[in-house]
Colleague: 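Could you have a look at this structure, given as structure tokens, before my questions?
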Amino acid sequence: MMDQLAQILVLLAVALTVVIAFQRLHVPTSLGYLLVGVILGPHTIGPTIHMPELSALAEFGVVFLLFTIGLNFSIPQLHALRHQVLWLGTAQVVLTTAVVALILWLVGLPGAAAFVLGAAFAQSSTTIIGSQLAEQGEENSPHGRLGLAMSVFQDVTAVPFLVVIPVLGVALAPDLLAGALGAAIAKAVLAFVIVFFVGRRLLRPLFHLVAKRRSPEVFTLAVLLVALLAAWSTSSLGLSSAFGAFLAGMMLGETEFRHQVESSIRPFRDVLLGLFFIGIGMLFDPSALPRIWHWALAGALLILVSKVLIVGLMVRRSGIEPLVAWRTALLVAVGGEFGFALLALGLGAGVIDEALGQIALAAILFSLIGGAALIRFNRAIAARFAGPRVEAADPPSALAESPEAQVVIGGYGRVGHTIAVLLRNSGVSFVAFDTDPKRVLQGRADGHQVLYGDIADSELLTAIQVERAALVIITTDRPATALRAVSFLGRHCPQVPVIARARDLEASSRLSEAGATHAYPEAIEASLRLGAMALEMLRIPSEDIELTIQGVRDWQYRPVLEEERDG
């Protein structure tokens, strides 16, 4: 017991040190976890972590990753993406897998191994693409949005590989292989049908029942139960457990609980996914690098060059102007963390041996480094392909994605409902959150986009990308909740204006200090409106009335407060 505790402490200490260093250097933390695995692996000097329990636990990182991907790709959303992004994302993965597999087969690799490497090389790192685009201020550019959409959709197209790869290791004869693949696909269809019908009938009532408890602990337990139960169901059918988690996520993605579910699962996913990457890093043998570096470098070039050419030509043929097409291709060229997951699956199934696995691991690692450089200088490099041209502001139909909500409303009670009506009548898009399932149902019955979620939950705000909102309106009548929400927004999204409802002057002052652009105390605002109506009935000019009221607000209600004190 003490020996295991000592290993866990060493693991946590090294991981914390490396991750902090990588964050300060603005390097994706997934690469940091890989380095931790190399440091603590059996192939390097120093402390070695040997705990089979951690390896088994780390597998759930991929399960929860696919679960959250499913949340973001529900059936209606996949239908909305059925045009360019759906076609481009699918075609890129299929063509890259086929081209790379053919090249590797021609150089002498077995067909099954070539297929696994082709699938792994086809993946791109959404983490690296997103973080580097944000750092460069290009995340909302035409090529940035298209590249990110394609990289995220790659994770969806990787789901069939989770079904196929394990089969390749147990069936070698062509007739047996065809039969096993057919059985696996039939099981996958059966799993989808079961999860689809059971999920639609049971998941929404279950989460409405759980939400009525208003307990984050109970909600988190329900999320874990659903994700792991779905994973166990497909695993019992002989399929990947991650596939079942993906299906469950898709079903929950159709409900009003999607964002809160993602918020609840995110801490488990991030920690366990970190363990998974540490496990991948432990597989890498640095001492083998002098023998395989040239093969690994060739593999990295194969990843980068094949994806640049395939994606660039596909996007160009879809009607998007050349500079945007080639810049998108340079973004997607980077290798992907999910490629490591497919490699681990292939190694576990015996489809690829350890020597080939070392080369593939190093190749993807090199492609992550080289791909980051391509993203950094994507405009200069793309200009050489397309010629120096002015980039179009909006490529025609580049994305078929849902519009981002312009306004976020925290609370759908009396005040939140009123604001929602005003926004809708003014043609302003919005999304509202509330922790009362009855209010959520009522809001959706009103035709408003109302979802279940706690506006003070930092993970929820991160999941909905609140930094992109044009305005946040906090209408909840719980002062502590409002203060936590405003404090988070003030620290992490100072550029987003926040309007908050307050009970009194003291609460208004606290919210203003926490970062609220405006915090309106209800009692005094009601008094001001009554006073304004009185002055209007006394025939005071409306311009003078508005100036007087605005003056009181601009002085943080101090004139009213002083009068109260004098009284």
Side-chain angles (χ1 to χ4, degrees), residues 62 65-66 69-70 72-73 77-78 81-105 111-130 143 145-168 181 184-185 188 240 242-243 246 250 299-300 302-318 320 325 328-346 351 360 363-364 367-368 371 374 398-401:
V62 179
L65 173 64
L66 266 293
I69 290 172
N72 293 304
F73 284 92
Q77 288 168 316
L78 286 176
L81 291 170
R82 66 190 181 278
H83 297 301
Q84 276 191 314
V85 173
L86 178 60
W87 180 83
L88 289 172
T90 304
Q92 182 268 317
V93 173
V94 171
L95 287 176
T96 303
T97 301
V99 169
V100 171
L102 178 61
I103 292 173
L104 295 177
W105 180 71
F115 173 79
V116 172
L117 293 186
F121 287 3
Q123 305 303 309
S124 302
S125 172
T126 304
T127 303
I128 291 179
I129 295 172
H143 64 279
R145 288 177 296 168
L146 182 56
L148 275 172
M150 288 183 65
S151 67
V152 171
F153 192 74
Q154 284 176 359
D155 297 332
V156 178
T157 58
V159 171
F161 295 130
L162 299 175
V163 177
V164 173
I165 290 177
V167 176
L168 298 177
L181 287 177
I185 293 172
S240 167
F243 178 60
F246 173 78
M250 284 184 65
L302 180 60
I303 294 172
L304 298 174
V305 173
S306 63
K307 286 202 282 189
V308 167
L309 294 177
I310 290 172
V311 175
L313 294 174
M314 281 197 319
V315 176
R316 182 70 189 95
R317 285 181 62 85
S318 69
I320 296 174
T328 302
L330 291 167
L331 301 185
V332 181
V334 65
E337 301 96 327
F338 207 84
F340 291 123
L342 296 181
L343 281 180
L345 200 61
V351 182
I364 295 179
S367 75
L368 292 176
L374 294 182
L399 292 176
E401 58 186 8

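All of these numbers come straight from a predicted model, not from anything done at the bench. When reading the values below, keep in mind they use all heavy atoms of this one structure, side chains included, and skip hydrogens, waters and symmetry mates.
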Colleague: Ile129 and Val332: which non-hydrogen atoms are nearest, and at how many Å?
Modeller: CD1-CA, 4.3 Å
Colleague: Only one of Leu104, Ile103, Leu102 clears side-chain contact (heavy atoms from CB on, under 4.5 Å) with Val100; which?
Modeller: Leu104
Colleague: How far apart are the closest heavy atoms of Thr97 and Ala122, and which atoms are they?
Modeller: OG1-CB, 3.6 Å
Colleague: Can you name the nearest heavy-atom pair linking Ala300 to Ser367, along with the distance?
Modeller: CB-N, 3.8 Å
Colleague: With rounding to the nearest 0.5 angstrom, report the CG to CE distance, Leu309 to Met314.
Modeller: 11.5 Å
Colleague: Ile364 and Phe340: which non-hydrogen atoms are nearest, and at how many Å?
Modeller: CG2-CZ, 3.5 Å
Colleague: Quick one: side chain to side chain donor-acceptor pair (under 3.5 Å) partners of Thr96, sequence neighbours excluded?
Modeller: Gln92
Colleague: Provide the closest heavy-atom pair for Val311 versus Ala329 in the form atom of the first, atom of the second, distance.
Modeller: CG1-CA, 3.6 Å
Colleague: Closest approach of Phe161 and Leu345, non-hydrogen atoms and distance?
Modeller: O-CD2, 4.3 Å
Colleague: Calculate, to the nearest 0.5 Å, the distance between atoms CG and OG belonging to Leu331 and Ser125 respectively.
Modeller: 11.5 Å
Colleague: The criterion is side chain to side chain contact (heavy atoms under 4.5 Å, CB included); which residues satisfy it with Ala333, sequence neighbours excluded?
Modeller: Leu304, Lys307, Val308, Leu374
Colleague: Enter the distance from Ile320:CD1 to Thr328:OG1 here, rounded to the nearest 0.5 Å.
Modeller: 6.5 Å
Colleague: Side chains of Leu343 and Leu117, heavy atoms from C-beta outward: is any pair under 4.5 Å?
Modeller: yes
Colleague: Return the NE2 to CG distance between His143 and Leu330, rounded to the nearest 0.5 Å.
Modeller: 9.5 Å
